[in-house]
Amino acid sequence: MSTGALARYSAIERFAQLELELAGAATVEQVQAHQRGWDELTADLPATPPPAALPMLQRAGLLRERARIELLRRREAALAELADVAERSRLAGGYLRASARGPRIERSA
């Protein structure tokens, strides 16, 4: 098979590599914008790829799975951070309510 015929499969592998890089460092919006190009890139590919394309498609599949895992890791980190912020906010609210009641000094002693 000619190099030209494999160019789209090579582009798919490069796309997946960039997707992994974005998953680790870019904003969610940048990742989403990049992912919208997947359908365009893979449209009209034959149902059965040429044998020479299989290694590229396998690498692309592994890269996309790593990108998915990285995005899940980032989501979990963001959720943990939100939970921490919520806990700190709840604690601060408790201190504010306590200080609003005034000093707790027994004056009858």
Side-chain angles (χ1 to χ4, degrees):
M1 175 157 274
S2 73
T3 305
L6 293 176
R8 285 183 68 191
Y9 296 100
S10 180
I12 288 171
E13 185 179 1
R14 285 191 311 275
F15 183 97
Q17 179 63 45
L18 180 56
E19 184 175 62
L20 176 58
E21 291 169 17
L22 290 172
T27 66
V28 172
E29 292 80 13
Q30 289 170 315
V31 173
Q32 288 173 333
H34 177 74
Q35 288 177 334
R36 285 192 283 273
W38 181 256
D39 290 337
E40 182 180 319
L41 186 60
T42 58
D44 302 325
L45 287 174
T48 304
L54 291 178
M56 289 179 270
L57 291 174
Q58 288 171 339
R59 284 189 298 271
L62 291 172
L63 289 166
R64 293 198 87 207
E65 179 62 14
R66 286 177 58 198
R68 186 186 73 78
I69 292 168
E70 179 62 20
L71 290 170
L72 287 172
R73 186 199 62 74
R74 286 181 66 186
R75 183 188 73 177
E76 291 302 315
L79 290 173
E81 191 172 326
L82 285 173
D84 186 49
V85 167
E87 176 67 9
R88 290 172 189 256
S89 178
R90 186 187 64 77
L91 290 172
Y95 283 115
L96 288 173
R97 284 187 295 281
S99 66
R101 289 190 295 251
R104 298 178 70 169
I105 299 173
E106 181 64 43
R107 296 184 188 268
S108 64

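Sequence positions, counted from 1, serve as the residue numbers for this chain. Bear in mind the structure is a predicted one, so any value in this text is a computation, not a measurement. Quick note: numbers below take in every heavy atom, side chains included, and nothing from hydrogens, waters or symmetry partners.
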Nearest-0.5 Å distance, CG of residue Leu62 to CG of residue Leu20: 11.0 Å

Would you check if Val85 and Arg88 make a side-chain contact, meaning some heavy-atom pair closer than 4.5 Å? no

Distance from Met56 atom CE to Glu13 atom CD, nearest 0.5 Å? 7.0 Å

For the student: nearest non-hydrogen atoms of Leu6 and Ala52, plus distance: CD1-CB, 3.8 Å

Is it the case that atom CD in Glu76 sees more than 12 heavy atoms from other parts of the structure closer than 6.0 Å? yes

Give the C-alpha distance, both sets of side-chain angles, the deciding distance and a yes or no for side-chain hydrogen bond (donor to acceptor under 3.5 Å, both in side chains) between Glu21 and Gln17. CA-CA 6 Å; Glu21 291 169 17; Gln17 179 63 45; 3.3 Å; yes

Please list every donor-acceptor pair under 3.5 Å in which a side-chain atom of residues 33-44 meets a protein atom from a residue at least two apart or in another chain.
from, atom 1, to, atom 2, distance (Å)
His34, NE2, Phe15, O, 3.2
Gln35, NE2, Glu19, OE2, 3.4
Thr42, OG1, Trp38, O, 2.9

Arg74 atom CZ: more than 12 heavy-atom contacts under 6.0 Å: yes

In the hydrophobic clustering (ILVMFWY, side-chain contacts below 4.5 Å, transitive), which residues join Val31, or is it alone? Leu18, Leu22, Leu71

How close do Arg64 and Ala16 get, heavy atom to heavy atom, and via which atoms? CG-CB, 3.7 Å

Side chain proximity check, Ile69 to Glu65, heavy atoms < 4.5 angstrom: yes

